[in-house]
Amino acid sequence: MDLQLAGKKALVTGSTAGIGFATASVFATEGASVVVNGRTQGRVDGAIAKIRKAYPKADVSGVAADVSNAAGCAKLIQALPRVEILVNNMGIFEPKPFERIPDEDWFRLFEANVMSGVRLSRHYLSSMREKNWGRILFVSSESAVQIPAEMIHYGMTKTAQVAVARGIAETVAGSGITVNSVLAGPTRSEGVETFIAQLGAGSDSVAFEAEFFKNVRPTSLLKRFETIEEVANMIVYLASPLASATTGSALRVDGGVVRSIL
């Protein structure tokens with residue numbers, strides 16, 4: 001299927017690994033002009049090289065900037081003033097008992113996961129309005145609706161992303177701009193490998209996965225971690241002209257973890 005993305009400039013934050021990298025890779029295969037973002041130049045250069053090796057004709061560039069803070073967002077905006085597609089993917093998480101989460105951690109996760117998308121969306125929306133076309137996507141999580149007891153502060157930020165996405169969509173009603181959030185389920189990414197190590201206390205990955213879906217996410221219908229490509233495919237479709245009637249929505253790619261038909 002041709003997603004009609006040829007030549008569209010797409011920025012994917014936090015795209016040197018995991019879901020972000022897979023998303024940037026899929027954009028490249030669809031002919032988009034994709035911009036990779038990560039905290040260090042080395043990570044950005046490495047991701048670009050991997051994409052070009054897999055897809056020699058890829059139109060891919062990169063900007064190193066830590067968008068978890070205001071200065072990093074400003075640096076990225078200065079290097080890349082306009083985009084047609086913005087995927088707010090960068091995010092951080094950590095398992096921690098509620099009683100042990102200090103104020104600093106609540107603010108740190110909110111600053112990174114929510115304000116990064118707020119700052120970038122606020123800037124790039126103006127050029128999208130000028131062209132009357134654009135796509136803004138927030139990569140949220142099933143944790144937005146099923147707050148995880150092991151990291152409540154993370155779940156709070158994912159809920160906030162859904163609210164921000166819906167609110168921005170309301171401001172562009174009737175235009176060619178769509179704004180959505182994607183609720184990914186537990187996904188095997190670089191960050192999740194660290195998560196497994198933190199919760200698994202040294203158990204092997206296969207055993208931990210079985211135990212995780214038995215006791216921590218028992219409502220999963222998939223009964224396994226999703227692949228990064230499975231989530232990326234949904235993101236890229238929503239960024240395409242083919243998804244023009246989908247806006248203001250929170251779309252689940254959660255493996256059936258959320259036990260709800262709505």
So, [X] side chain and [Y] main chain: donor-acceptor pair closer than 3.5 Å or not?
{"X": "Arg166", "Y": "Gly248", "value": "yes"}
{"X": "Lys158", "Y": "Val139", "value": "yes"}
{"X": "Glu226", "Y": "Val231", "value": "no"}
{"X": "Thr13", "Y": "Met90", "value": "yes"}

Please give me the minimum heavy-atom distance between [X] and [Y], naming the atom from each residue.
{"X": "Gly117", "Y": "Phe138", "answer": "CA-CE2, 3.8 Å"}
{"X": "Trp133", "Y": "Ala239", "answer": "CH2-O, 3.7 Å"}
{"X": "Tyr124", "Y": "Leu86", "answer": "CD1-CD2, 4.1 Å"}
{"X": "Gly62", "Y": "Val44", "answer": "CA-CG1, 3.7 Å"}

Give, for atom [atom1] of [X] and atom [atom2] of [Y], the distance between the pair rounded to the nearest 0.5 Å.
{"X": "Thr23", "Y": "Asn89", "atom1": "OG1", "atom2": "CG", "value": "6.0 Å"}
{"X": "Thr157", "Y": "Gln161", "atom1": "OG1", "atom2": "CD", "value": "6.0 Å"}
{"X": "Met115", "Y": "Arg122", "atom1": "CE", "atom2": "CZ", "value": "5.5 Å"}
{"X": "Met234", "Y": "Leu251", "atom1": "CE", "atom2": "CG", "value": "5.5 Å"}
{"X": "Lys214", "Y": "Lys223", "atom1": "NZ", "atom2": "NZ", "value": "10.5 Å"}
{"X": "Ile136", "Y": "Leu125", "atom1": "CD1", "atom2": "CG", "value": "5.0 Å"}

How about [X] and [Y]: do any of their side-chain heavy atoms sit closer than 4.5 Å?
{"X": "Val172", "Y": "Met128", "result": "no"}
{"X": "Ile19", "Y": "Ile235", "result": "yes"}
{"X": "Ile147", "Y": "Met156", "result": "no"}
{"X": "Leu80", "Y": "Lys9", "result": "yes"}
{"X": "Asn37", "Y": "Val12", "result": "no"}
{"X": "Phe213", "Y": "Leu221", "result": "no"}

Salt bridge (charged side-chain N to carboxylate O under 4.0 Å, His left out): pairs with one or both residues in [range], sequence neighbours excluded:
{"range": "residues 13-23", "answer": "none"}
{"range": "residues 230-241", "answer": "Arg224-Glu230"}
{"range": "residues 136-149", "answer": "Glu142-Arg217"}

Would you please name every residue forming a side-chain hydrogen bond (donor to acceptor under 3.5 Å, both in side chains) with [X], sequence neighbours left out?
{"X": "Ser121", "value": "Asn88"}
{"X": "Asp45", "value": "Gln41"}
{"X": "His153", "value": "Glu94"}

- Item | More than 12 heavy atoms from other groups under 6.0 Å of CZ on Arg108 |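 Yes, CZ of Arg108 has more than 12 neighbouring heavy atoms, counting only those of other groups under 6.0 Å.
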- Message: For Glu130, is the CD atom crowded, meaning more than 12 foreign heavy atoms sit under 6.0 Å from it?
- Response: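 Correct, the count exceeds 12.
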Acceptor/donor pairs from residues 24-31 side chains to any protein atom, 3.5 angstrom cut, sequence neighbours excluded:
from, atom 1, to, atom 2, distance (Å)
Ser25, OG, Phe21, O, 2.9
Thr29, OG1, Val26, O, 2.7
Glu30, OE1, Leu3, N, 3.4

For residues 70-77, tabulate all N or O donor-acceptor pairs below 3.5 Å that involve a side-chain atom, not counting sequence neighbours.
from, atom 1, to, atom 2, distance (Å)
Lys75, NZ, Ala64, O, 3.2

- Task: Enumerate the residue pairs fulfilling side-chain hydrogen bond (donor to acceptor under 3.5 Å, both in side chains) with a member in residues 53-63, sequence neighbours excluded, ordered by first and then second residue.
- Result: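 Qualifying pairs: Ser33-Asp59.
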- Message: Show every side-chain hydrogen bond (donor to acceptor under 3.5 Å, both in side chains) that has at least one partner inside residues 174-186, sequence neighbours left out.
- Response: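 Pairs touching residues 174-186 that pass the test: Arg135-Thr178.
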- Using links of under 4.5 Å between side-chain heavy atoms of ILVMFWY residues, direct or through other members, which residues join Leu183 in one cluster?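 Other cluster members: Val145, Val162, Val258.
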- Hydrophobic clusters join Ile, Leu, Val, Met, Phe, Trp and Tyr when side-chain heavy atoms are under 4.5 Å apart, directly or via other members; which others share one with Phe107?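 The other cluster members (ILVMFWY side chains, heavy atoms under 4.5 Å, direct or chained): none.
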- Task: Quick one: do Phe93 and Asn113 satisfy side chain to side chain contact (heavy atoms under 4.5 Å, CB included)? Show the steps, please.
- Result: CA-CA 9 Å; Phe93 62 93; Asn113 295 354; 5.7 Å; no
- Between Phe98 and Trp106, how do the two ring planes meet: parallel, tilted or perpendicular, split at 30° and 60°?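 Perpendicular.
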